[in-house]
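Throughout, a chain's letter reflects where its sequence line sits, starting with A, and its residues are numbered from 1.
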Amino acid sequence: MVKSRARLIAGTAAALSAALVMTGCGSKSSDGDTAAGSSGSSCVDTSGDTVKLGFLNSMSGAMSISEKTVSDSLNLAAEQINDAGGILGKKIEPIQEDGASEPTVFAEKAEKLIQSDCVAAVFGGWTSSSRVAMRPVFKSLNNILFYPVQYEGLEADHNIFYTGATTNQQIIPALDFLRTEKKIKSIFLAGSDYVFPRTANKIIKQYCEEYGIKVVGEEYQPLDQGAWGTAVDKIVSTKPDVVFNTINGDSNVAFLQAYDDKGLNSSNAPIVSVSIAEEEAAAIPVDLTGQMTSWNYYQTVESPENAAFVKAFKAKFGEKRVTSDPMEAAYTSMFLYKAMVEKAGSFDTEKVIGAADGITYAAPEGKVTVNGENHHIAKTNLIGQVQPDKLIKTIFSSDGPIEPDPFLKTYSWWDPSKE
Amino acid sequence: MDVVISQTFTGASYGATLLLVALGLTLTFGQMGVINMAHGEFLMAGAYSAYMTQQLITNADISIIFALPFAFIVAGLLGLLLEVLVISRMYHRTLDTLLVTFGVSLVLQQAAKDIFGAQAKAVKAPSWLHGQIPIFGYRYPLTQLFILVLSIACVIGLTSLLKYTGFGRQIRATVQNRDLAETVGVSTRSIDRLTFFIGSGLAGVAGVAVTLITATESTMGQEYIIWAFLVVVAGGIGQIKGAVIAAFALGITRAFLTYWTDGSMAVVLTFLLVVVFLQVRPQGLFATRTRSLA
């Protein structure tokens, strides 16, 4: 469940562990803060002909199925960069650590990578809870994290670069598509019960209020429960123009089975999903043909860059492997880092961050540009449609790359304080 | 009125699934007093058996027919193995059994992940279960009807087995008074093993049914295990008719609460209702009368 577990974040446990980590690191932040910016405190050693970079992905536990794929694409990127001469003439020496699907372990390993291994930057993390747990570590030790997964937005950290989509690059473009192309008048919201779907649905409801779209239902199930029968009964009786699906994990299978059981399909009740990618689609034993998705990358994207990426990936890891949105975002992040370092002429954290603004890269998904202010990247939104073979084809794309706006400041209808 | 009908049927579907999972527990937990936390993983083994059957017999229309007995045997054998190797050494040590079987459940989950991968497997439903039949104006899904019929068939089968066969009498005799049963020549050890085999096998059958409504993956049993224990406890330990009533009551309650509140709140409220019910009636709907407990 590549994407799905993506944000298996959740709820309380995650918040709790995150809070623990934050308090844990709070005590250390004082000496970290004084060190911030002063290059003398960093133990990064680039006097030789290599530079160490940390890869921090869950190689064990529930998230490993997803995060191993990110580690693979990071290794591919490092290999390609090394073959082309490295960064500032220095070969990348990757140091892999296992986040073990535990936010607290992510924080510990991030600290280890920065303090013991003296890496210049770290690539990884997947769940929002892992990112939130690592955030204070990167702040206090003044290092850089490249985070490759789309998420719920409302964040912009000095020490983090977000190369996955924020909500105005995934959720809002999907709504624009539904409103202008599909002319929907009513919408039904179905999601798993934790921070990402709740935040996404809050945004969707304010959007719908602005544009006069009627929200005819809003249903949640806990992540580990799949009792979607009642919610699907409500979809049958309310007959929405579209169902906006923010369900995560295997609960999606149960939802779509109940959907199919009760006679619903893409022609009488179309769905737009933001957590179903190629791999998830293959694991769902019902016909999904015609159902829609919103992402920034599909394996089927037609561009020379993507053809080269898919070919290189399959050559290295096997013909049967597929490439997904977070994998592509991770791959892209390493090339963005390379460009930032080369522009800065240094591996120093502050110099690299200072050089970030305006860095562009012709990524497999299309051209991306780093926003130096909020540390997200401008990327193109792609509405996809599931094909009979469960691959996803682009049916609509945004008008070029969308500027990242994690706090939705440019959307007048958005009021974060409103419930 | 539409809502009453639709949620009664949807709730009955939840209930039928719970009943199927809980039925094996009425034997192993109810009759034998073993708290087997790995029961959910036997269900998972049953679901993967359905997947493997479908790899061999690719025609989904008939593979389910073979999957049911195959899953029964696979899960039953896993149960038998657990009984012989672990549980038989810790009868009358309830807490130890709970911890050990919890450990076994984690081992089985990891084993499934290693063998089949963490990504869920797609088990196709037979085409003859595709569609709905109208009942009182509600379009009742055939898959749900199938699970309902299967659970009722298992209840009838298990009840007849316990009531009318010599083996069933031996089980009941062992539960009611182990010493006396031994004195009249019942081999209580082999009865224990067989009971555990059947109880675990029923979890396997439930696993096949569950592939029709949810993802086949390593942690799938966790969704059902707590509910199944609730059904057995609320129904009265070891009571099949109690389990039947409790399963449908829980399922229908959950459906209506989901309709009025939301999915998460419905789970909380349903659990709360069970707690309140057990405060009022700690022995559950029906009490087991045995001499050995005295």
Quiz item: For the candidates A:Ala227, A:Gly226, A:Gly263, which exhibits the highest count of non-hydrogen atom pairs separated by less than 4.5 Å from chain B?
Solution: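 Between A:Ala227, A:Gly226, A:Gly263, the count favours A:Ala227.
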Quiz item: What is the minimum heavy-atom distance between B:Gln144 and A:Asp261, and which atoms define it?
Solution: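 So the two residues come closest at NE2-OD2, 4.0 Å.
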Exercise. Return the minimal non-hydrogen interatomic distance between B:Ala120 and A:Ala283, and the atom names on each side.
Key: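 Closest approach of B:Ala120 to A:Ala283: O-CB, 3.3 Å.
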Is it true that atom [atom1] of [X] has more than 12 heavy atoms of other residues, nucleotides or ligands lying nearer than 6.0 Å?
X	atom1	result
A:Phe317	CZ	yes
A:Lys393	NZ	no
A:Lys214	NZ	no
B:Gln110	CD	yes

Quiz prompt | Chi angles and distances behind the side-chain contact (heavy atoms from CB on, under 4.5 Å) call for A:Gln225, B:Trp227 | solution = CA-CA 11 Å; A:Gln225 297 286 319; B:Trp227 289 95; 3.3 Å; yes
Quiz item: Can you find a heavy atom in the side chain of B:Lys121 that is under 4.5 Å from one in the side chain of A:Val253?
Solution: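 Side-chain contact under 4.5 Å: no.
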Quiz prompt | A:Pro285 side chain reached by B:Val123 side chain, heavy atoms, under 4.5 Å | solution =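 Not in contact.
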Between [X] and chain A, with a heavy-atom cut-off of 4.5 Å, which part of the residue counts as in contact: side chain, backbone, both or neither?
X	result
B:Ser218	neither
B:Leu212	backbone
B:Tyr259	both

Self-check item: Toward chain B, the part of A:Ala231 with a non-hydrogen atom under 4.5 Å
Solution: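 Neither; nothing under 4.5 Å.
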Practice problem: Under 4.5 Å heavy-atom distance to chain B, tell me which part of A:Ala258 shows up: side chain, backbone, both or neither. | Solution: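 Nothing of A:Ala258, per the 4.5 Å heavy-atom cut-off to chain B.
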Residue among [options] with most heavy-atom pairs under 4.5 Å to chain A:
options	value
B:Lys124, B:Arg139, B:Arg254, B:Gln222	B:Arg254
B:Ser13, B:Ala215, B:Ala266	B:Ala215
B:Ile213, B:Thr258, B:Val267	B:Ile213

Under 3.5 Å, is there a donor-acceptor pair between the [X] and [Y] side chains?
X	Y	value
A:Thr230	B:Gln7	yes
A:Asp260	B:His130	yes
A:Lys262	B:Tyr138	yes

Quiz item: Hey, what do you get for OH (A:Tyr220) to OG1 (B:Thr261), rounding to the nearest 0.5 Å?
Solution: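 Between A:Tyr220 OH and B:Thr261 OG1, I get 13.5 Å after rounding to 0.5 Å.
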Practice problem: Drop me the distance from B:Asp262's CG to A:Gln221's CD, to the nearest 0.5 angstrom. | Solution: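 Reported to 0.5 Å precision, the distance equals 8.5 Å.
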Quiz item: Could you go step by step and tell me if A:Gln257 and B:Thr143 meet the side-chain contact (heavy atoms from CB on, under 4.5 Å) rule?
Solution: CA-CA 10 Å; A:Gln257 276 174 322; B:Thr143 48; over 6 Å; no
